[in-house]
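These figures come from a predicted structure and were not determined experimentally.
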Amino acid sequence: VRHHQHRGDLLLATPVFRALRDRFPDAHISLIAGESTAEAVAANPHLSKVHVLPRTIWLHPHTLRTFLHELRSPAPAELCLMLSTEAVSQTAAAVARLAHTEIVAGYDTTAWDTSRRESAAFYNCTLPAPPVDAPLSETERALGLLTEVGISWTRKEPVVGVTPEDAAWAKELLKDQKHPLVAFHP
């Protein structure tokens, strides 16, 4: 599974991981995440592994070779779902193909942006995208990919895992808190 670089959108796509785990309980389910988003899903209980895609992967051939070897171990993936719900990461799709993934599937995003004809250049399974003006949440758009490949789902709430380190940090932060703490995500 691959998602784009927006942390909030990635968290809203986490029901996809749950639905995949429900359907394939013994599968190895990996996520290719960007450097800025990997930490947000590192403790997701439905993922077997989070691979961090370096921003400069094409600039360093050794890094690319090492990353591809990691993706192919113990065997190449059978399916890569591109969870991009508004734009396509050509880098991620190319990496999935170079990792010998059997099926690279994602939405045909030319329905949303006709100037981006290359949207499915690395896909070998292009799925019909919901209309750009369809009244769907990011979660519903992401889960729609599963529907398109025949995987049912029922739960839409995001899944947030907390590492022991994060729990300890939060406990320490809040231990002397005498007033309500309110935080906002922009």
**Q.** Trp153 side chain to Leu143 backbone, donor-acceptor under 3.5 Å
**A.** yes

(Q) For a quick test of reading the model, state the closest non-hydrogen atom pair linking Arg18 to Glu157 and the distance between them. (A) NH2-O, 3.0 Å

Q: Determine yes or no for a side-chain-to-main-chain donor-acceptor pair under 3.5 angstrom, with Asp108 supplying the side chain and Ala129 the backbone.
A: no

Q.
I'd like to know if the side chain of Arg55 and the backbone of Ser36 have a donor-acceptor N/O pair within less than 3.5 Å.
A. no

Q) Would you say the side-chain atoms of Arg97 pair up with the backbone N or O of Phe122, donor to acceptor, closer than 3.5 Å? A) yes

Q | In one Ile/Leu/Val/Met/Phe/Trp/Tyr side-chain cluster, 4.5 Å: Leu98, Leu53 | A | yes

(Q) Let me confirm one number: the NZ-CG distance from Lys156 to Leu12, rounded to the nearest 0.5 Å. (A) 11.5 Å

Q. With a 4.5 Å heavy-atom cut-off, do Pro76 and Glu102 have their side chains touching?
A. no

Q. How long is the gap from CG on Leu31 to CG on Leu81, to the nearest 0.5 Å?
A. 11.0 Å

Q: Spell out, yes or no, whether Leu64 and Val52 are grouped together once hydrophobic residues are joined by side-chain heavy atoms under 4.5 Å, including indirect joins.
A: no

Q: Indicate, with yes or no, if Leu127 and Leu20 share a hydrophobic cluster defined by side-chain heavy-atom contacts under 4.5 Å among Ile, Leu, Val, Met, Phe, Trp and Tyr.
A: yes

Q.
Show the nearest heavy-atom pair for residues Cys80 and Ala96, with the distance to one decimal.
A. SG-CB, 3.8 Å

(Q) I'd like to know if Leu71 and Ile57 are part of one continuous hydrophobic network [Ile/Leu/Val/Met/Phe/Trp/Tyr, side-chain heavy atoms within less than 4.5 Å]. (A) yes

Q) What distance separates Leu83 CG from Phe17 CZ, expressed to the nearest 0.5 Å? A) 6.0 Å

Q.
When you measure from the side chain of Tyr107 to the backbone of Pro130, do you find a donor-acceptor pair of N or O atoms at a distance under 3.5 Å?
A. no

**Q.** Spacing of NE2 belonging to His28 relative to NZ belonging to Lys49, to within rounding of 0.5 Å
**A.** 7.5 Å

Q. Just wondering, more than 12 heavy atoms not from Trp169 lying within 6.0 Å of its CH2?
A. no

(Q) Minimum heavy-atom separation for Ala167 and Val162, please, with both atom names. (A) N-CG1, 3.7 Å

Q.
Has Arg21 got a side-chain atom pairing as donor or acceptor with Ala27's backbone, closer than 3.5 angstrom?
A. yes

Q. Looking only at heavy atoms, which two atoms of Leu145 and Met82 are closest? And how far apart?
A. CD1-O, 3.1 Å

Q.
Give me the atom names and distance for the closest heavy-atom approach of Ala33 to Thr37.
A. CB-OG1, 3.7 Å

Q. If you measure from CG on Leu68 to NE2 on His51, what distance do you get to the nearest 0.5 Å?
A. 11.0 Å

(Q) Go through it in stages, so that I can follow the logic: the residues are Val149 and Ile103, the test is side chain to side chain contact (heavy atoms under 4.5 Å, CB included), and I'd like the CA-CA distance, side-chain angles, deciding distance and then a yes or no. (A) CA-CA 11 Å; Val149 296; Ile103 300 168; over 6 Å; no

Q: Tell me, yes or no, whether the heavy-atom count around Arg23 atom CZ, taken from other residues, nucleotides or ligands under 6.0 Å, exceeds 12.
A: no

(Q) Let me check something: do Leu10 and Leu136 share a hydrophobic cluster, defined by ILVMFWY side-chain heavy atoms less than 4.5 Å apart, either directly or through other members? (A) no

Q) Would you find a donor on one side and an acceptor on the other, under 3.5 Å apart, between the side chain of Arg7 and the backbone of Glu39? A) no

Q. Of all heavy-atom pairs between Ser73 and His69, which one has the smallest distance, and what is that distance?
A. OG-O, 2.8 Å

Q.
Working to the nearest 0.5 angstrom, can you tell me the gap between Glu78 CD and Thr101 OG1?
A. 10.0 Å

